[in-house]
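First up is the structure itself, then whatever we jot down about it.
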Amino acid sequence: MEILKYIGSFFVLLGSVFLFLGALGIYRMPDVYNRLQAGTKSSTLGAMSMLLGIGFLQPDWMVKMIVIIIFIAVSNPLSSHALARGAYRAGLSLFQKEKIDAYEKDYKSMEDKEL
Amino acid sequence: MKRAFILLLLVVVGWVLADTFSQINFGESRMGDIKQQETVGAYYLNNTVEKLSVANVVTAIVVNYRGFDTLGEVTVLFLAASGLASILYRRKKRGEHDVMILKNSSQLLQTGAKLIFPAILVLGAYVFIHGHLTPGGGFQGGAIIASGFLLMFMAYKDYHVSHNVLTWVESIAGILFVSVGIWGLISGATFLENILGTGTLNDLVSGGIIPLIYIAVGFKVAAELTGVLETLLNFKTEK
Amino acid sequence: MDPILYNKIISVGVYGSAIGLILIGLYAVLVKKHLTKIVIGLSIIDSGVHLLFIAVGFIKGGTAPIFSEKGIELVNQGTAMVDPVPQALVLTAIVIGFGVTAVALSLVIRLYRHHHTARIDHIKSLKW
Amino acid sequence: MVISPVHYIALPLLAAFLMPLLAKVNRELVRIIPGVVLTYLLFVSVVLMQRVTETGQPIIETLAGWQAPWGINLVFSQFTGFLVSLMVFMATLIWIFSYRFKKVDNEPALKYYILFMMLVTGSVGVVLTGDIFNMFVFMEITAIASYSLTSFYRDRDGAEAGFKYLLIGSLASTFMLLAILLLYTQVGTLNMAMIAERMHTVPVGMKVTILILFLTGLGIEAEMFPLNGWAPDAYSQAPSPVGATFAALVVKAGVYSLIRVIFTLFDIQGAYQYLIIMGIITLIIAEFAAMKQTNLKRMLAYSSIGQMGFVLIAFGIGTKEAVFGALFLMFNHAIIKSLLFMSGSFFVYNSTSKDINGMSGIGKKFPYMGFLFSIGAFAIVGLPPFSGFWSKLYILIAAADESMLALVAIILLVSIVEIVYYFRVVAKLYFGKPTDKEVVHKPTFGGYFSMTVLAVVILLVGFYPDIITGFIHRAADTLLDKGAYISNVLSMGH
Amino acid sequence: MEMNIVLYIALGFIGLALILGILRFIKGPTAADRVVALDTMSVIVTATLALLAYIFQRYIYVDVSLVYAILGFIGVIVLARYLEKAL
Amino acid sequence: MIFNIIFFSLLAIIILAAAIYAVVQKDLLYAVIATGVISLVLSIYFFIMQAPDVALTEAAIGIALTTIIFVITIRNTSRREDEIPVNKEPDREEETK
C-alpha cells in the first residue's frame, strides 16, 4: 500500500504543478488564443492527474474520481472550443504580425451554410 | 455630499457589524453550552440518527424539522417563476415564432451537448435521490437538471421544451409535496409528519417521506427553472 | 504560533471577507446608477450574508453534519460536528435570493423596454 | 381531518399548484378557485375563532410532528386569530371585487390570481407562524408576490415602482437575515417563545444591535418613516385590488411582525419610546405629504402611511387601552382604506386624469359611488357616527391617561390636516364642475357588492362598536400577556 | 484531517494559480481573456475541492467536485455564445 | 498554521478583489463574470467550513444559472454601465382591462 501512496503523492504534486503552469500560462501568454491553449490544456491535464492521484491515495474513491476525470475530459475541450469560436467571431485578432489564419476560410464558407 | 453621506453610512454599518461579530468567536462551539441550555442544533445532531435514520442532518432539518420552510422556499421559486412570466408577458403577434438563439452552434458543441446531457440528468437525479445520504437534495438536483437543459438551449437553435410538459411536471410535483403533508394530517398526525417507517441508516430507502419530498422538490425545481430560462430566452427587446 | 492569535487572524479573514462583501454590495446598491449593477450589488450582499451564516456555524476541527459510515467513525473518535442549523437556513436563503434576483432582472428588462435606458438617472417618471 | 390553522397555508398552496393545470380545463376555474379557497378559509376562521373564544386558550399546531422548540409551530391565539380572520375576510371581499379582472386575457389572469392568493397566504403565514425564520420565509413570499403584482400593468410605471419596492425590500430582508443570525448565535433557537424566554441572557449591546436590525428590516414592510419610500409608488401603480390588498393585508402583516418582535421577543423599554417617536415622524410627514398630492391614489397611499404611524404611536404607548385602540385602528384601517381604494380606483378609471382635479363633479354622475367614497373619507378622519371615530377616541384617551398631552395635541392637529385633504376630495366630487367624459367602466356586480359590504360594516361598527370590541379586547390581552404566550407554546414541548 | 508536505505544496501551488487567474481576470484586456480566466479557475476549483475532500477524509464531499466538473463549463459556454453574438 | 493563514488570506484577497472589480468595472459583462468568480471562491469557503450542502448549492446555481440570467439581461438591455441613453419617448403597450 505504501507504493500507492507514493504514486498518488506524485500525481497530486504533478497535477498541482500543471494547474499552476496553466494559470501561469493564462497570465503570461500574449493573446487570447494562446491563453486558451495554456489555460485549458494544461489545467485539464493538471486537474486530471490530481484527481487520479487522489484516487491512488484513497483507492476506495477511484471510481468516482474516474467519473470526474471523464467529465472533465469531455467538458473542458468543449468549453475551450466554444470560447475560441466565440472569441474569433467577436472579432479578436491574432497576436502574430504576419497572420496565418487558417480558420478564416472555413469560417467564411461556414457563414454561408450557417452551420 | 450625497457620496460622503453614503460613505459615512457604509463606515457605520461596517463598524457595527465588525464590532458585533468580534463578540462571536470564530470556530467556537455554541451548541452545547449556551447558558447550560440545549440548542436546537445540538438536539438535531443528537437525535436525528435514531429518530429519523437520516444520515445528512442538514437534509433532515430542511425537509423534516423545518419542512414548512422548504414548502415556503418551493413556493418562493414558484412565485418567482410566475411573477417573471407575468412581468415579461406579451401577446404574440400573428405568425411570430419563439426565437431563442440566433445562430446554431458548432457541430462539436452539438455532439458534446448530446453526449453530456444524459449525464447531467443522471447526475441531477443522483443528487436529489441521494439527498438524505450525501450533500445535495431536491433543489440542487433540480438546478443541475435545469443547467442541463440550459446546455441544450445553448447548443441547438431550435431546442424547445414543451410548455405543457413543464406545467404538468411542476404542478404534479407541487401537489405531491403538499399532499404528502396533508396525508400526515389525514392519518391523524400533523402536517408533513414523517409517517412512513424510517428504515436503517445509510440505506437508499430510509428516512420515510424525506426522499419522497426531495424527489418532488427536484422535479418541481427543475421544471420551474427550465421554464424561467425559456421565458427569459424567448424575450427579445429590439434595439 | 499562539493559537488565540491564530484564531483571531483566521476570524478576521473570514468575517472580514464576509463583511467586506456586504459593504461592497451595499456601496454598489447605493451609489451605482445602472439597474443591472444594482442587482449585482444585491447578489453580492447576499453572498456576504450567506458566508457569515456558515462562518458562525463553523466549529474548529469539526466535520460536516452527515452521518455516513465515515462520519460516524469520526464522531466516535471525538470529532465535533458543525452546527447544521445555519447551513439549513442558508440553503433556504440562497434559493430565495435566486428567486428575488430573477424577478429583479425581469423588472430591469421591462424597464429597459419602456424607457430605452437602464440607468435610474435617466428614468424620470417617478422620483427615486 | 380536523380543522386546524395549517389549512390557512396548505390549501392555498395546493390550489396554487393546481391552478395551472385547471386553467387548461376551463378558463373560468382560474377565477373561481381562489374564491372557493378563501371562502373555505373564512369558514375555518369562524370555527377556530369560536373554539379559541370558548376555551380561552390559543391553538398551537405543531408541524412535522416536532414539538415547539425543535420544529415549526403555528399559533392561533385570540390576537393572531383576530388578525388572520380580518385578513381572510378582506381578501375574500377583494377577490369578489376583482372577480372579472383581466376578463379578456387568460394568461395574465392566471398569474394574477396565483400571485394574489400567495400574497394573502404569505401575509397570513407571517401572522400565524411561531418561528422567526419561518416568518422571514413568509415575508419573502409576500414580498415577491408584491413585486410582481406592483408591476403587473404594462401601461403604467409599474415596473419602476416594483423595482423600487424590490430594492428596498431585499435590503430589508438582508437586515432581517442578519438579525436572525445574530439572534441564533445568542440564544441557539429560532422559536419565538424560546427566544423570548432566553432573551434575558443576551448582553445588552448585542440586544440593541439585533433590535435595530430587526426594526430596519421589518419597518420597511410596516411603512415606518425613513423606509417607506416604496409605498406611494407601489400603491399608485399597482392594480387597484392589489392596492387594497397592500393596505388591508401586507401592511398589517408588517406591523404585526414589528409588534411581535418588540412586545414578545425583546424586553427593552426604549423600544416603546422609539415606536412613539418614529410613529410621530411618520404621521406628520405622511399627512403633510398627502395634503400636497394631486394624484388620488398617491394621496390615499400617504394617508395609509400616516395611519400606520398612528398605529405605531398607539402601540408605543403600550398600555392595554392603547393596544386596544391600535388594534381597533388596524381593523378600521383595513376596512376603510380598502373601500377608499376600491371606489377611488373607479373614479380614476372614469375621470379625465388621475388627478383629483380631473374627477370634479363625478359624484353627481355616480351618486352611489360618491356616497361610498364619502363614507370612507368621513370614517377615516374619525367623524362621530363612523367606526373610525371610536379607534381615534380610544387612542386619545389612552394617551391622555398616560398624560402625554403633547401627543394628544399632535394627533388632533394632524387630524385637522387629514380632514382638510379628505374633505377637499369630497367637495370636489360633489361641487366641482362636471367634466363631459363618457362613462367607460361601470363597476361590476362584485364591485358593488364588496363595497356595499364594507360600507355596511363601517356603519355597523360605528353605531354598535360592541360587536367587535369584545374580540379586540381579548386580542389586546393576549398580545400583552407575554408569559402566557411562552408557557402556552413551550408547554407543548415538555 | 490528513496533512503532509505534499498536500501543503499542492495547496500552495493551487493558491498561486488562483491568484494568477484573478490577476489575468482583472487585467483583461478583452472579454474572452476574462472568460478564459474564469474557465481555468473553475477547473482549478474542481481539482481543489477533490483535494480538500481528501484532506478532510470525507468521501461524500467529492460530490461537490463532481457537480463542478459537469456544470463548470456551462457558464463558460453561455458567455462564449454571448460573445459569438448568438444569444 | 502559517500556511492556513496564508491560504485564507489568499481566498479573502481573491474574493474581495473580484467583488470590488464587479462593482467598479463599467462593462457589465465583466461584472457578471466577476460574480462567477465570487461564487467559485465562495464555494471553496463553504467547503472549508464543512458545509458541503451549501457548497453544492452554490455550485449548482452560482456558476451556470446566475450567469445565464444576468447575460440574458445584458443582452436585452445595455452592456455598458455608462450607456448613452436613446432619446425616445417611453414606449407603452396598450392594456386589456
Side-chain angles (χ1 to χ4, degrees), chain B residues 26-27 56-63 73 77 80 84 88-91 93 100-102 120 123-124 126-128 130-151 153-154 218 221-222 224-226 228-239, chain F residues 1 4-5 7-9 11-12 16 19-20 23-24 28 32 36 39 42-80 83-88 90-97:
Chain B
F26 179 73
N56 189 344
V57 182
V58 179
T59 298
I61 296 173
V62 166
V63 184
E73 167 194 326
L77 215 55
L84 191 128
L88 294 185
Y89 172 77
R90 67 207 164 103
R91 264 161 296 148
K93 293 183 188 103
M100 320 241 313
I101 302 288
L102 297 178
I120 296 182
L123 178 68
Y126 166 82
V127 166
F128 67 67
H130 288 250
H132 54 301
L133 304 177
T134 59
F139 178 74
Q140 294 90 329
I144 290 168
I145 291 176
S147 306
F149 281 107
L150 171 61
L151 178 62
F153 289 144
M154 287 297 118
V221 170
E224 262 157 15
L225 291 180
T226 313
V228 165
L229 289 179
E230 187 143 348
T231 319
L232 277 170
L233 281 169
N234 269 327
F235 193 89
K236 274 251 158 55
T237 50
E238 55 284 338
K239 291 213 175 177
Chain F
M1 270 188 169
N4 283 5
I5 289 173
F7 198 72
F8 264 91
S9 42
L11 288 182
L16 288 179
I20 290 173
V23 171
V24 173
L28 290 167
V32 171
S39 145
L42 205 59
S43 119
I44 298 183
Y45 260 120
F46 291 152
F47 204 86
I48 291 177
M49 292 196 266
Q50 311 292 335
D53 275 281
V54 186
L56 193 65
T57 317
E58 192 64 45
I61 61 174
I63 193 82
L65 292 177
T66 313
T67 311
I68 180 74
I69 59 173
F70 273 112
V71 167
I72 292 173
T73 310
I74 291 175
R75 175 192 81 174
N76 282 333
T77 62
S78 52
R79 185 173 151 178
R80 297 287 302 176
E83 53 165 270
I84 303 124
V86 194
N87 272 328
K88 273 200 245 174
D91 168 21
R92 270 135 218 244
E93 291 162 44
E94 85 289 9
E95 192 75 24
T96 50
K97 288 274 153 43

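To find a chain, count down the sequence lines: A is the first, B the second, and so on, and within it residues start at 1. Nothing here was measured: the structure is a model prediction, and the numbers come from that model.
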Listing, residues 61-69 of chain F side-chain donor-acceptor contacts under 3.5 Å, not counting sequence neighbours, or none:
unit_1: F/T66; atom_1: OG1; unit_2: F/I61; atom_2: O; d: 2.8
unit_1: F/T67; atom_1: OG1; unit_2: F/I63; atom_2: O; d: 2.6

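Using a 4.5 Å cut-off on side-chain heavy atoms (C-beta onward), F/F46 and F/T57 make no contact. Between B/N234 and B/E230 there is a side-chain heavy-atom pair separated by less than 4.5 Å.
Annotation: residues 130-139 of chain B contacts chain F through B/P135, B/G136, B/F139 [non-hydrogen atoms, separation under 4.5 Å].
Contact of B/L232 with chain F is made through backbone and side chain together, with heavy-atom distances under 4.5 Å. Using a 4.5 Å cut-off between heavy atoms, B/L151 does not touch chain F at all. Using a 4.5 Å cut-off between heavy atoms, B/F26 touches chain F through its side chain atoms alone. Heavy atoms closer than 4.5 Å to chain F are found in the side chain of B/V127, but not in its backbone.
Residue F/F8 comes nearest to F/Y45 through the heavy atom pair O-OH, 4.0 Å, listed as atom of the first residue, atom of the second, then distance. Here the closest heavy-atom approach between residue F/R75 and residue B/L233 is recorded as NH2-O, 3.2 Å. The heavy-atom pair separating B/Q140 from F/A60 by the smallest distance is O-CB, 4.0 Å. Across all non-hydrogen atoms, the minimal contact from B/L225 to B/A146 is CB-CB, 3.5 Å.
Summarising the geometry, atom OH belonging to B/Y126 is positioned 10.5 Å from atom CD1 belonging to B/I144; distances are rounded to the nearest 0.5 Å.
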